[in-house]
Amino acid sequence: LAGPFISSQRSSLFAGARLLGTLVVAEAQHGGKLNPSSLSTITAAQQLGQPITALVMGNEIQDAADSLARTGITKVMLAQHEAFGRPLAEPMSALLHAVQQRLHFDYMLCSGSSFGKNLLPRAAALLGCQPLSDVTQILDASTFIRPAYAGNAILTMKFKMPGLRMMTVRSTSFPPASSDAEPALQEHVAEEDLSAAVAVAHSGASRWVSEVSTKTERPDLTSADVVVCGGRALKDAQGFKMLESLADALGGAVGASRAAVDAGIVSNDLQVGQTGKIVAPKLYLGIGVSGAIQHMAGVKDSKVIAVINTDSEAPMFQEADYGFVGDMFTAVPEMEHHVRQL
Ligand code: FAD
């Protein structure tokens with residue numbers, strides 16, 4: 001066969017074979033591109049030292065599969081079907097169950113994004129497995145570190161039982177794998193496994209209703225180099241426009257505290273923190289955000305933290321590398337003016 005691709009007939013040669021190694025469940029974004037968090041999951045998998053297979057599910061996945069194939073892994077498995085056109089956990093977990101029953105991986109890893117948080121626990125329940133979530137460090141083959149209580153406690157967790165080890169990994173704790181290696185093999189998942197998952201999709205137990213997403217030209221919040229984050233003090237959407245303008249001058253993303261989201265000032269996909277997104281930019285700018293522990297749980301890994309707040313006692317000053325005590329409504333336009341002069 002030309003190229004790295006192996007047909008589904010050829011892949012049946014692997015049927016039933018014991019394949020020790022790690023399965024990375026990758027995430028293809030709507031539109032077919034690989035979610036960058038999957039590259040961080042590959043890095044985590046590399047640290048386990050086993051051959052890596054990546055599985056990508058979706059409707060249009062060739063682009064994502066090609067990116068995965070260049071990360072130095074052993075193989076990419078494609079599950080291309082309209083049943084996976086939307087990230088519904090029910091059919092996808094049925095596929096993971098079927099694939100694991102056939103191939104017996106030692107580890108199954110997925111990013112701790114909303115995709116992974118939705119999918120992996122369900123697959124773990126089907127496989128009778130206790131998964132580990134939000135892994136930030138791998139100490140050895142069975143020992144892993146994860147934060148708890150909004151990062152105020154760090155737990156060292158050890159798998160004591162033999163068998164499959166499933167976990168979600170925090171993508172900001174693992175750098176993205178480079179994707180310049182020789183392309184790995186690609187093959188389709190076995191027909192029977194696909195059929196089992198498609199049957200679940202057609203059972204009607206769950207269905208995709210709709211999606212409301214914010215269209216933005218700004219970088220993705222979780223992988224941006226600069227994050228400008230605003231709090232409740234911005235008062236309204238107009239106040240946030242001031243932050244958006246600064247973020248655009250810096251080429252950054254906009255985030256928000258939960259209080260700003262709960263007040264209806266911005267949509268909840270911007271929320272940063274324990275119950276929002278985890279960010280680790282080169283520069284995090286907290287503007288009119290107090291710095292509650294639940295907020296800082298999503299910010300702590302930023303390389304540089306800078307804060308603008310009228311209250312010098314605001315908790316964020318304790319975590320900040322740079323702080324300015326003053327009114328953001330004057331400081332932010334001034335800062336933007338200077339940035340645009342650079
Ligand atoms: P505030 O605490 O009201 O702070 C506003 C800040 O703006 C103050 O420090 C004030 O001094 C400053 N300010 C006011 N005017 C100006 C001005 N003109 N210029 C400059 N500064 C000004 N929060 C999150 O953010 N993310 C989470 O994921 C999250 N998860 C949570 C989970 C749980 C289980 C719980 C209980 C809480 C969670 N919270 C979370 C909420 C968190 O505890 C705080 O309530 C929230 O972060 C506060 O948001 P804030 O800083 O915008 O608001």
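For ligands, and for the atoms within them, numbers begin at 1 and follow the listed sequence.
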Side-chain heavy-atom pair Y149, I293 within 4.5 angstrom cut-off: no
Sub-3.5 Å N/O-N/O distance, A260 and ligand 1: no
Protein non-hydrogen atom found under 4.0 Å from atom 1 (P) of ligand 1: yes
Heavy-atom nearest neighbour in the protein, as seen from atom 4 (O) of ligand 1, with distance rounded to 0.1 Å: S290 CB, 3.4 Å
Within 6.0 Å of CD in E182, more than 12 heavy atoms from elsewhere: no
Ligand 1-proximal atoms of V272, by part, heavy-atom distance under 4.0 Å: backbone
For I61, the option from Q80, H81, K33 that meets side chain to side chain contact (heavy atoms under 4.5 Å, CB included): Q80
Nearest neighbour in protein (non-hydrogen) for atom 8 (C) of ligand 1: N309 ND2, 3.8 Å
Contact summary for F174 and Q137, nearest pair of heavy atoms: CZ-N, 3.9 Å
For atom 27 (C) of ligand 1, the option (of R232, H295, Q271, K235) bearing the nearest heavy atom: Q271
4.5 Å side-chain heavy-atom contact, D106 and Q50: yes
Geometric N/O contact M328 with ligand 1, under 3.5 angstrom: yes
Whether H295 and Y284 hold their rings parallel, tilted or perpendicular, with breakpoints at 30° and 60°: tilted
Ligand-side contact atoms (ligand 1) for residue partner G231, heavy atom cut-off under 4.0 Å: 52 (O)
Element-labelled atoms of ligand 1 that are located less than 4.0 Å from some non-hydrogen atom of G276: 28 (O)
pair K158-D140: side-chain heavy atoms closer than 4.5 Å: yes
